[in-house]
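Accompanying notes for the structure given below.
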Amino acid sequence: MEKKAINLYNSPMKITQKYLKYLYLFIILGIVIGSLCWEILERLISLTGIDMNLSVGPVGFDISVLSVYLKINPGSFLGAAGGWFFIRKV
């Protein structure tokens with residue numbers, strides 16, 4: 001009699017209406033964290049004398065009570081991809 005192994009780690013989460021808010025949350029968190037990390041990396045590289053600026057923007061919105069702006073850079077895309085991969089693997 002052959003036993004089948006149950007693999008719990010490679011079963012990706014299905015994106016349903018129940019988990020859609022978590023998907024959006026992790027993608028937005030990934031974008032913010034990725035942008036901050038990329039900005040820190042650019043500043044560390046500029047300390048060596050190399051001028052590197054791959055940012056676009058600022059992109060955002062401004063209403064009378066709240067204004068949110070974010071520089072879009074490669075870290076934003078890497079963070080969004082990381083958030084998507086994280087939610088798929090959880």
ILVMFWY network linking L78 to I33, side-chain heavy atoms under 4.5 angstrom:
no
Counting C-beta onward and ignoring hydrogens, is there a side-chain heavy-atom pair between F77 and I72 closer than 4.5 Å?
yes
Minimum heavy-atom separation for E39 to N73, with atom names?
N-ND2, 4.5 Å
Among the clusters formed by ILVMFWY side chains lying less than 4.5 Å apart, do V32 and L25 turn up in the same one?
no
Is it true that L20 and L29 fall in one hydrophobic cluster, defined by side-chain heavy atoms closer than 4.5 Å?
no
How far apart are the closest heavy atoms of W84 and I27, and which atoms are they?
N-CG1, 4.2 Å
Do other residues, nucleotides or ligands put more than 12 heavy atoms under 6.0 Å from the CG atom of D62?
yes
What's the separation between atom CZ in F61 and atom CG in L66, rounded to the nearest 0.5 Å?
5.0 Å
Rounded to the nearest 0.5 Å, what separates atom CG in D51 from atom CD in E42?
9.0 Å
With clusters defined by side-chain heavy atoms of hydrophobic residues (ILVMFWY) lying less than 4.5 Å apart, directly or transitively, does I28 cluster with I87?
no
If two hydrophobic side chains count as joined below 4.5 Å and joins carry through other members, does M52 share a cluster with I40?
no
